[in-house]
Amino acid sequence: MYTLNRVRLLSHIGVVVIIGVYCRGLFELFLTKNIGYIFGALGCGGYLASVILSRAVSDGRINAWQLWPAVLFFAYLLAALASLVATFLSGGNELLALIYTAEHLFLMAGTLTIQSNSQFRDLEIIRGLRVIAIIVISTGVLEYFRVVTFPGSWELGDYARIAGSLGSKQHFGYASACIGVLLIYAYQETKNNITCLIGVMCILLSFASMSRNGLPVIIGAFSLYLFFSLKKNKALILRYSTVFILFLAIIYIFDEALLSAAFDRVVSIFSFEDRANSLRVEAWMKGVAAISQGNGFFGTETGIYSQAGDRLGLANSSHFESTILQQFANFGVAGGVSFIIFFIFLISGVRSILLKSLAIMMFANYFYYPGGESLPFIASWFLLLSLDNARKAPE
């Protein structure tokens with residue numbers, strides 16, 4: 001009993017500290033952005049430490065990583081170390097190189113550790129998800145109705161590009177989408193109507209935020225889920241199709257123009273006439289050029305192709321609107337290929353069909369957005385894998 005109580009205490013600590021990852025906008029509103037980054041980093045690190053300690057306390061050991069993802073991690077590690085050495089020898093920004101490399105090694109090592117060792121109960125994780133969702137929803141609604149303007153917000157016509165507690169309009173749409181889908185999964189497991197309502201509100205807010213980070217995650221995750229479930233459960237498809245129609249009806253009743261604007265945002269994802277898309281394609285071409293002009297086997301300017309330099313005030317850096325392109329630019333062919341195959345194996349280990357569908361869309365996001373170095377993206381992976389691996393709590 002004493003061991004069980006310690007495991008529960010550690011799980012509660014982990015769930016509490018990871019909430020801070022989704023509150024950078026609040027820190028930036030009242031304090032500074034860098035303090036928000038510090039609490040976000042402590043939240044991710046604290047959650048991972050809680051997972052490791054709870055496994056060690058309950059079993060007296062820590063489980064080894066799965067074989068092939070571990071092999072790919074070490075291949076990536078070698079490519080990263082070679083790129084770090086080359087960056088140091090060529091006179092690159094050493095601190096920026098170390099930070100960028102450490103973030104991605106932490107992402108990969110953390111996901112492997114959680115997938116192999118997390119034993120938090122599902123109700124403990126779900127409670128944390130609810131708290132995060134309430135913070136995201138409340139700050140998003142306040143900003144949507146122009147009660148408070150959070151740092152990182154933007155305007156799109158008559159609508160606010162909501163940043164809310166995330167401190168970034170892109171991060172807000174992505175986080176509300178991921179948390180919403182995770183809560184829908186939690187509802188499937190617990191049949192708790194409050195959990196379902198909060199999840200739906202997160203999804204609605206992601207649509208209202210006009211984020212082209214969040215919309216593909218939601219639409220893609222549920223589309224894949226229904227496709228994978230097609231042969232097994234036709235009633236499930238009917239149920240979710242009905243929910244989707246009701247979902248559209250709610251938006252239509254609330255704000256018909258909002259539904260039209262959100263639909264235009266979805267369609268604009270595939271339009272090369274859209275200015276944002278043309279700039280994104282231009283950034284991709286610059287990324288391809290940087291990769292072709294580089295060493296090829298490893299990077300010599302690690303970290304300079306990222307958002308970190310400008311955000312932390314360390315150097316003038318540029319990014320290519322793609323985590324994947326930046327992996328090749330910063331760590332060479334070996335690093336880029338290892339990164340891609342690593343996530344393929346990681347996703348294949350997810351057991352739940354809905355969570356696997358969400359994981360696929362989270363990874364797909366890396367192809368068209370540079371989110372690999374962003375803390376809410378890392379925390380979302382941690383929560384997804386923990387929920388997939390969670391022990392069923394007694395009723």
Chemist: Just checking, is any N or O donor in the side chain of Ser11 or Arg121 under 3.5 Å from an acceptor N or O on the other one?
Modeler: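 The answer is no; no qualifying pair exists.
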Chemist: Taking CD1 in Ile194 as the centre, count heavy atoms belonging to other residues, nucleotides or ligands within less than 6.0 Å. Is the count above 12?
Modeler: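 Counting neighbours around CD1 of Ile194, 12 or fewer heavy atoms of other residues, nucleotides or ligands fall under 6.0 Å, so no.
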Chemist: What pair of heavy atoms forms the shortest contact from Asn389 to Ile114, and how long is it?
Modeler: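 Heavy atoms of Asn389 and Ile114 come nearest at ND2-O, 3.9 Å.
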Chemist: With the side chain counted from C-beta on, respond yes when Tyr22 and Leu375 share a heavy-atom pair under 4.5 Å apart, and no when they do not.
Modeler: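 Answer no - side chains too far apart.
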Chemist: Is it the case that the side chains of Tyr100 and Asn330 hold a donor-acceptor pair, with the cut-off being a distance below 3.5 Å and no angle test?
Modeler: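 A pair is found: one side chain offers a donor N or O, the other an acceptor, under 3.5 Å apart.
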Chemist: Salt bridge or not for Glu124 and Arg127, using N-O below 4.0 Å?
Modeler: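 Looking at Arg127 together with Glu124, the answer is no, because their closest N to O distance does not fall below 4.0 Å.
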Chemist: For Met201, is the CE atom crowded, meaning more than 12 foreign heavy atoms sit under 6.0 Å from it?
Modeler: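 Open: at most 12 neighbouring heavy atoms sit under 6.0 Å from CE of Met201.
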Chemist: Mind running side chain to side chain contact (heavy atoms under 4.5 Å, CB included) on Val148 and Glu143 for me, showing each step along the way?
Modeler: CA-CA 5 Å; Val148 179; Glu143 189 159 26; 5.8 Å; no
Chemist: Indicate, with yes or no, if Leu89 and Leu95 share a hydrophobic cluster defined by side-chain heavy-atom contacts under 4.5 Å among Ile, Leu, Val, Met, Phe, Trp and Tyr.
Modeler: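 No, Leu95 does not connect to Leu89 through the hydrophobic network.
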Chemist: What orientation do Tyr366 and Trp381 show, parallel under 30°, tilted 30 to 60°, or perpendicular over 60°?
Modeler: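 The rings of Tyr366 and Trp381 sit tilted, inter-plane angle from 30° to 60°.
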Chemist: Can you name the residues that form a ring pair (Phe, Tyr, Trp, His ring centres under 6.0 Å) with Tyr37, not counting sequence neighbours?
Modeler: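 So Tyr37 forms no ring pair (Phe, Tyr, Trp, His ring centres under 6.0 Å) with any residue.
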Chemist: Hey, are the side chains of Ser380 and Tyr174 touching, using non-hydrogen atoms and a 4.5 Å cut-off?
Modeler: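 With C-beta onward as the side chain, the pair touches.
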Chemist: Do Ile125 and Leu182 come within less than 4.5 Å of each other through their side chains, counting heavy atoms only?
Modeler: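 Sidechains of Leu182 and Ile125: no contact.
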Chemist: Tell me, yes or no, whether the heavy-atom count around Phe27 atom CZ, taken from other residues, nucleotides or ligands under 6.0 Å, exceeds 12.
Modeler: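 For Phe27, atom CZ is crowded (more than 12 foreign heavy atoms under 6.0 Å).
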Chemist: Membership question, hydrophobic clusters at under 4.5 Å side-chain separation (ILVMFWY): are Phe30 and Leu42 in the same one?
Modeler: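 No: no chain of side-chain contacts under 4.5 Å links Leu42 to Phe30.
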Chemist: Using residues 64-77 as the side-chain source, report each donor-acceptor pair under 3.5 Å to any protein atom, sequence neighbours left out, with the distance given to one decimal.
Modeler:
residue: Trp65; atom: NE1; partner: Thr113; partner atom: OG1; Å: 3.1
residue: Tyr76; atom: OH; partner: Gln327; partner atom: OE1; Å: 2.5

Chemist: Classify the angle between the aromatic ring planes of Tyr225 and Phe222 as parallel (below 30°), tilted (30 to 60°) or perpendicular (above 60°).
Modeler: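 Perpendicular: the ring planes of Tyr225 and Phe222 meet at over 60°.
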Chemist: Less than 6.0 angstrom separating the ring centers of His171 and Phe377, yes or no?
Modeler: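 Ring centres of Phe377 and His171 closer than 6.0 Å.
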Chemist: Check Cys202 against Gly180 and note the closest heavy-atom contact, atom names and distance.
Modeler: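 So the two residues come closest at CB-CA, 3.7 Å.
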Chemist: What's the shortest heavy-atom distance between Gly128 and Ile19, and which atoms?
Modeler: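 Result for this residue pair: O-CG1, 4.4 Å.
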Chemist: Only one of Leu53, Val7, Leu10 passes side chain to side chain contact (heavy atoms under 4.5 Å, CB included) with Ser58; say which it is.
Modeler: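 The option that passes is Val7.
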Chemist: Please check if the distance between the ring centroids of Phe106 and Phe382 is under 6.0 Å.
Modeler: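 Yes, ring centres under 6.0 Å apart.
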Chemist: Just jot down the ring pair (Phe, Tyr, Trp, His ring centres under 6.0 Å) partners of Tyr305, sequence neighbours excluded, or say none.
Modeler: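 So Tyr305 forms a ring pair (Phe, Tyr, Trp, His ring centres under 6.0 Å) with Phe320.
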Chemist: Are Ser386 and Tyr47 linked by a side-chain donor-acceptor pair shorter than 3.5 Å?
Modeler: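 Yes, side-chain donor-acceptor contact under 3.5 Å.
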Chemist: Using side-chain heavy atoms (C-beta onward) and a distance below 4.5 Å, is Tyr185 in contact with Leu384?
Modeler: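 They are not in side-chain contact.
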